[in-house]
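In what follows, every chain begins at residue 1, and chains take the letters A, B, ... in the order their sequences are listed. All heavy atoms count here, side chains included; hydrogens, waters and symmetry mates do not.
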Amino acid sequence: MVHTFRAMPELPEIEHARRVAHDALDGRRITRVQAFHATTRRALTPTTRRRLEGQRVLAVTRRAKYQLLELENAYVLEVHFRMTGDWAVGSAADPVDALERARFTLDNGARLSLLDGRAFASLRLHAPGRVRLPPLGPEPLDAAFTPVVLAEQLRGRRGPIKPVLLDQRVVAGLGNIYAAEACWVARIDPRTAAHSLGAVRVARLTAGIKHVLEHAPVGRYYQRPATVGERVVALGEGNSDDDWRVYDREGQPCLRCARPIVRTVQSGRSTYWCRGCQR
DNA sequence: CACTTCCTGCGC
DNA sequence: GCGCAGGAAGTG
């Protein structure tokens with residue numbers, strides 16, 4: 001019943017969550033909105049709750065890591081999981097979970113609950129026709145996200161590539177883990193000035209971003225080689241130590257060249273990478 | 001540009 | 001029992 005993500009929710013996990021929410025909410029009416037934590041109470045004020053209660057949910061859509069609940073009255077509830085947010089579906093009769101921060105009770109006796117250990121998730125209600133999300137770059141999994149597009153996004157960015165990849169205006173939906181993973185797959189030194197990457201490395205990076213996002217960490221992750229002719233290394237099943245190719249592997253041998261993975265800090269965030277094969 | 005803030009579970 | 005981790009907004 002209660003399930004939480006084993007990893008930070010990044011794009012693939014958000015897309016999955018969106019589907020969960022859509023399946024639970026589609027065509028249903030929200031009968032009650034509850035907040036169980038100071039952070040969700042701040043967002044779900046009595047006025048906001050009143051605008052949600054009684055409304056049918058027409059659709060749940062996604063842009064970057066934002067989920068948008070579109071209501072019958074044309075209000076749109078924006079949900080962002082940040083680090084530990086997740087949906088749980090159950091019965092309205094279920095007791096409140098320790099990590100449950102908000103609950104939407106539905107007209108069919110079901111509930112959709114926001115679980116969020118660290119309580120960083122954000123909820124925001126947009127008035128009809130007034131949905132405003134922060135500036136967001138291209139969706140990395142769109143066919144339109146090509147090396148040419150990424151190159152354009154990197155133009156004029158003098159900072160190191162890995163922190164630049166975390167900027168949602170450059171690419172929408174990459175987090176700290178997959179930014180590091182993408183650099184590893186593309187064999188790019190995360191400290192490289194973004195604008196100095198040539199066409200070849202931008203192409204590798206584009207492919208690497210799509211690759212890490214298209215492959216869920218556990219088991220299925222990394223079924224194909226990063227580049228043609230490269231050795232494929234199967235990751236273990238169900239062992240969280242093996243979820244990532246480079247992230248959180250400080251001191252462990254690089255899966256490609258066996259040199260120890262190092263951890264450095266960029267813009268206050270840890271970066272894991274290989275000094276041997278990432279140039 | 002980078003650092004700090006918000007929060008709390010979890011690893012040391 | 002401390003301090004880190006993380007996304008993104010906010011600040012220097």
Side-chain angles (χ1 to χ4, degrees), chain A residues 2-15 17-18 35-44 62-68 78-88 96-102 113-124 126 131-137 139-140 153-183 190-196 209 212-213 217 239-241 243-244 246-252 261-273:
Chain A
V2 172
H3 109 275
T4 33
F5 287 119
R6 303 171 67 253
M8 294 307 142
E10 297 207 36
L11 261 200
E13 294 88 349
I14 300 301
E15 181 52 30
R18 184 204 64 77
F36 307 115
H37 189 275
T39 54
T40 46
R41 268 193 293 271
R42 276 198 290 272
L44 299 171
R62 179 190 66 75
R63 170 74 171 107
K65 285 182 270 190
Y66 297 89
Q67 295 171 74
L68 302 172
E78 166 201 314
V79 180
H80 194 301
F81 282 169
R82 310 289 162 171
M83 274 91 61
T84 52
D86 194 8
W87 296 122
V96 178
D97 188 275
L99 300 180
E100 191 171 345
R101 306 307 186 203
S113 300
L114 172 66
L115 304 188
D116 184 23
R118 291 179 192 170
F120 263 28
S122 62
L123 300 164
R124 208 174 120 205
H126 297 267
V131 179
R132 294 284 182 279
L133 296 179
L136 295 166
E139 289 281 333
Q153 294 299 102
L154 298 181
R155 207 151 56 92
R157 304 296 302 241
R158 308 186 66 86
I161 183 61
K162 190 265 189 172
V164 165
L165 289 178
L166 295 179
D167 188 332
Q168 301 297 297
R169 295 169 298 183
V170 174
V171 189
L174 269 195
N176 197 47
I177 296 172
Y178 287 169
E181 295 286 298
C183 287
R191 303 168 302 176
T192 312
H195 72 294
S196 75
I209 289 168
V212 298
L213 291 175
N239 180 350
S240 63
D241 290 349
D243 279 357
W244 315 113
V246 67
Y247 180 80
D248 205 22
R249 297 181 75 100
E250 184 178 15
Q252 297 178 47
I261 298 302
V262 297
R263 187 186 85 95
T264 53
V265 174
Q266 295 179 295
S267 318
R269 300 231 111 59
S270 57
T271 296
Y272 297 87
W273 59 289

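Remark: P of dG7(C) and NZ of Lys65(A) are 6 Å apart, rounded to the nearest angstrom. For the pair Phe81(A) CZ and dA5(C) C1', the interatomic distance rounds to 19 Å; values are reported in whole Å. Taking atom CD on Glu250(A) and atom P on dC4(C), their separation rounds to 14 Å, with Å as the unit. Between Gln168(A) atom CD and dA8(C) atom P the separation is 4 Å, expressed in whole Å. Nucleotide dC4(C) holds its C1' atom 11 Å from the CZ atom of Arg269(A), rounded to whole Å. Distance, Phe120(A) CZ to dA8(C) P: 12 Å, rounded to whole Å.
At the phosphate of dG7(C), neither OP1 nor OP2 sits under 4.0 Å from any side-chain N or O atom of His80(A). Not one side-chain nitrogen or oxygen of Arg118(A) sits closer than 4.0 Å to the OP1 or OP2 atom of dC4(C).
Between atom CG of residue Leu133(A) and atom CZ of residue Arg63(A) there is a gap of 8.0 Å, rounded to the nearest 0.5 Å.
When heavy atoms are screened at a 4.0 angstrom cut-off, Thr39(A) is found touching the sugar-phosphate backbone but no base atom. Among the atoms of the strands shown, none is found under 4.0 Å from any heavy atom of Arg169(A). Arg124(A) comes within 4.0 angstrom of no nucleic acid atom, judged by non-hydrogen atoms across all strands.
Looking at Asp116(A), its side chain does come within 3.5 Å of a backbone N or O of Ala121(A) through a donor-acceptor pair. Using modelled atom types, one side-chain atom of Arg249(A) and one backbone atom of Trp244(A) make a donor-acceptor pair closer than 3.5 Å. Listed for the Thr192(A) side chain is no donor-acceptor partner under 3.5 Å among the backbone atoms of Ile161(A). A donor-acceptor contact shorter than 3.5 Å links the side chain of Asn176(A) to the backbone of Ser270(A). In this structure, Glu181(A) contributes its side chain and Ile209(A) its backbone to no donor-acceptor pair below 3.5 Å. Proximity of a side-chain donor or acceptor of Arg62(A) to a complementary backbone N or O of Arg18(A) within less than 3.5 Å is not detected. In this structure a side-chain-to-backbone donor-acceptor pair under 3.5 Å is missing from Glu250(A) to Thr264(A).
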Scan nucleotides 9-12 of chain C against the protein and return all N/O pairs shorter than 3.5 Å with their distances rounded to 0.1 Å.
| unit_1 | atom_1 | unit_2 | atom_2 | d |
| --- | --- | --- | --- | --- |
| dA9(C) | OP1 | Tyr66(A) | OH | 3.3 |

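Nucleotides of DNA chain B with any atom under 4.0 Å from a heavy atom of chain A span, from 5' to 3', dC1(B) to dG9(B).
For the pair Gln67(A)/Trp87(A), a side-chain contact is recorded, criterion being any heavy-atom separation below 4.5 Å from C-beta on.
Between Gly268(A) and Ala38(A), the residue anchored closer to the 5' end of DNA chain B is Gly268(A), taking for each the nucleotide with the nearest heavy atom.
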